[in-house]
Colleague: 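Once you've had a glance at the structure underneath, I'll fire off some questions.
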Amino acid sequence: MSLKVFNTMGGRKEAFVPATPGKVRMYVCGVTVYDLCHVGHARANVAFDIIVRYLRHAGYEVRYIRNFTDIDDKIIRRASQEGIPFEAVTGKYIDAFHEDFDRLGLLRPDAEPRATEHVPEIIALVSGLVRAGKAYAVDGDVYYAVKGFPEYGKLSGKNVEDLLAGARVEVDERKRDPLDFALWKASKPGEPAWDSPWGPGRPGWHIECSAMAMKHLGETIDIHGGGKDLVFPHHENEIAQSEAATGKPFARYWLHNGFVNIDNEKMSKSLGNFFTLRDVLARVKPEVLRFFLAASHYRSPIDYSDRSLAEAKAGLDRLYRVKEKAEICRAAGAAPSALPEGEEFAPLRDARNRFDGAMDDDFNTAAALGRLFDAVRALNRLAPDDPAAEREKAGQFLAGYELLEPLFGVLGLLRISAGDYFRLEIHVMDTVGVGENLSATVRPSEADVLKRIEARKAARARKEYAEADRIRKELEAAGVLLEDGKAGTTWKYRE
RNA sequence: GGCGGCAUAGCCAAGCGGUAAGGCAGAGGACUGCAAAUCCUUUAUCCCCCGGUUCGAAUCCGGGUGCCGCCUCCA
């Protein structure tokens, strides 16, 4: 089995072969930090988070870099609107980014370079391009001359004539060619500025990624990732300027994630149809969003809706119930033993291979989750009713669970204990349940619940089922779900 | 106008030439005092439409229809 990835360059799946065997150098375009992140950003970041996790799981040593664009027009505008320095804007939103994405369980990249920390490298790169005649300075701006790069358009499948024919190319008298783009922008008075051979100014957007990728990873990287909307012009321009500067291919594989849609339309700032990550994480547990994102292939568009989240939650609950059973087995003193023979347990015994097989096909998380659910069904057959009394089953169950746990980990799922998932995280109110909305009721404490369970147990022992049912219903109304098993009654908060 | 993508059950979603994964929801059964959870069974004669290639197509080709994206800042 070997990994295949869909390379935007060429538009097809290819065998994944990094430049150095066993090592992967990966750069993902991060966000411009002028505002809060929304679900679309979460999609991209979760997609590449899973890709990094899977590559490591597959044995690669991955060096993963993701930048922050911390200087650009939007940031400057925001700063002047709020009357604060631009660093205050970027600092605030970088903190917010980390806060939001830590909750989503994203791995921190090996470095998170910022454009403003790489101005010398950027100036060196631009100077080189000017010296080589690939770029030209006009009134303190520096533009890249697209005509000097015959392969321009090779990533996005566009050709220069078509682009010129389109009426949407901005007209700028100072450019030699309408397609030329800024490598360096002269600053207006009062704007943030760095000294340069062309006067005070700041980096253009595209050049920062070339400079930072080269500095942190070298002239040819293995994987360059980002959202589909970055293919043109951003990544096309990165290729042009980088390859003109080095004469080497900039990236071996270009990976692009699809969009998050609302009612079949791209979620975006300009359409105003976006939900910030904070909006969403105030309503559902972080892993519910992760599950929702992992349930589709990373290149497909996905439609975001309350219903999708509710379905994701139902699926994730099922997985956490398995983890809960494993925790109960452990608490009962079970130790992992051998897995049982038998065809019906094959999806469990062979889970790793099946999971890897799905992921090897261009990180097909949807299929991989399917294999995991197959394994979960097999595993549930082993679930003991009473772990303390059924040692063998408990040991087998635990062994099966421990086989699956790392695979869930690749998807970034089941990261917390089931106890926490079902009980302690009640500050996160799941209000997207189908049809029900629990508003802000105060839920009973664990001690109260246990007290009521004892009372109910006594009632049941006396066969006073009406009283037992009354207690259960009372707790249910307060948001607590009781489940009677052979080994006793367990409970969880419900939505 | 140029380039690209998508259309699979009530909903979500895999599938990449060999006879429709998985999840959610639903139905029946087992278990249970009753529930819940779990297990078992069940739910697309068929993959937008029309042609074609093939022993064989949801999968390939041609033509439609519908939706979306990029070409401007954008994950």
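Order of the sequence lines fixes the chain letters, A, B, ..., with proteins taken first and strands second; residue numbering starts at 1 for each chain.
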Colleague: When you get a sec, tell me which of B:G22, B:G33, B:C12 is the closest nucleotide to the side chain of A:Glu311?
Modeller: B:C12

Colleague: Can you check the distance between B:G26 and B:U65, where both ends of the measurement are the C1' atom (answer in whole Å)?
Modeller: 32 Å

Colleague: Taking ring pair (Phe, Tyr, Trp, His ring centres under 6.0 Å) as the definition, give me every residue that meets it alongside A:His235, ordered by chain and number, with sequence neighbours left out.
Modeller: A:His224, A:Trp254, A:His256

Colleague: Taking only residues two or more places apart in sequence, or in another chain, which ones meet A:His297 in a ring pair (Phe, Tyr, Trp, His ring centres under 6.0 Å)?
Modeller: none

Colleague: Tell me, please, which residues at least two apart from A:Phe97 pass ring pair (Phe, Tyr, Trp, His ring centres under 6.0 Å).
Modeller: A:Phe68, A:Phe101

Colleague: Mind listing the N/O atom pairs, protein and nucleotides 64-66 of chain B, below 3.5 Å?
Modeller:
none

Colleague: Nearest-nucleotide wise, let me know which of A:Gly30 and A:Tyr465 is further upstream toward the 5' end of RNA chain B.
Modeller: A:Tyr465

Colleague: Kindly point out which of B:C39, B:A75, B:G22 is positioned nearest to the side chain of A:Asn380?
Modeller: B:C39

Colleague: Give each protein N/O atom lying under 3.5 Å from an N/O atom of nucleotides 18-21 of chain B, with the pair distance.
Modeller:
residue	atom	partner	partner atom	Å
B:A21	O2'	A:Arg371	NH2	2.5

Colleague: Using the side-chain contact (heavy atoms from CB on, under 4.5 Å) criterion, which residues pair with A:Glu344? Sequence neighbours excluded.
Modeller: A:Arg381

Colleague: Using a 6.0 Å cut-off, check whether atom NZ of A:Lys154 has over 12 heavy atoms from anything other than its own residue.
Modeller: yes

Colleague: Rounded to whole Å, please give me the gap between CG in A:Leu475 and C1' in B:A35.
Modeller: 14 Å

Colleague: Is A:Lys158 side chain donor-acceptor paired with the B:C70 base, going by distance under 3.5 Å alone?
Modeller: yes

Colleague: Taking the minimum atom-to-atom distance to the side chain of A:Leu481, which one of B:C67, B:G15, B:A36 wins?
Modeller: B:A36

Colleague: Taking the C1' atom in each of B:A58 and B:C49, what is the distance between them to the nearest angstrom?
Modeller: 14 Å

Colleague: Report yes if a donor N or O on one partner sits less than 3.5 Å from an acceptor N or O on the other, where the partners are the side chain of A:Lys13 and the base of B:C16; otherwise report no.
Modeller: yes

Colleague: Below 3.5 Å, does any donor atom in the side chain of A:Arg321 face an acceptor in the base of B:A37, or the other way round?
Modeller: no

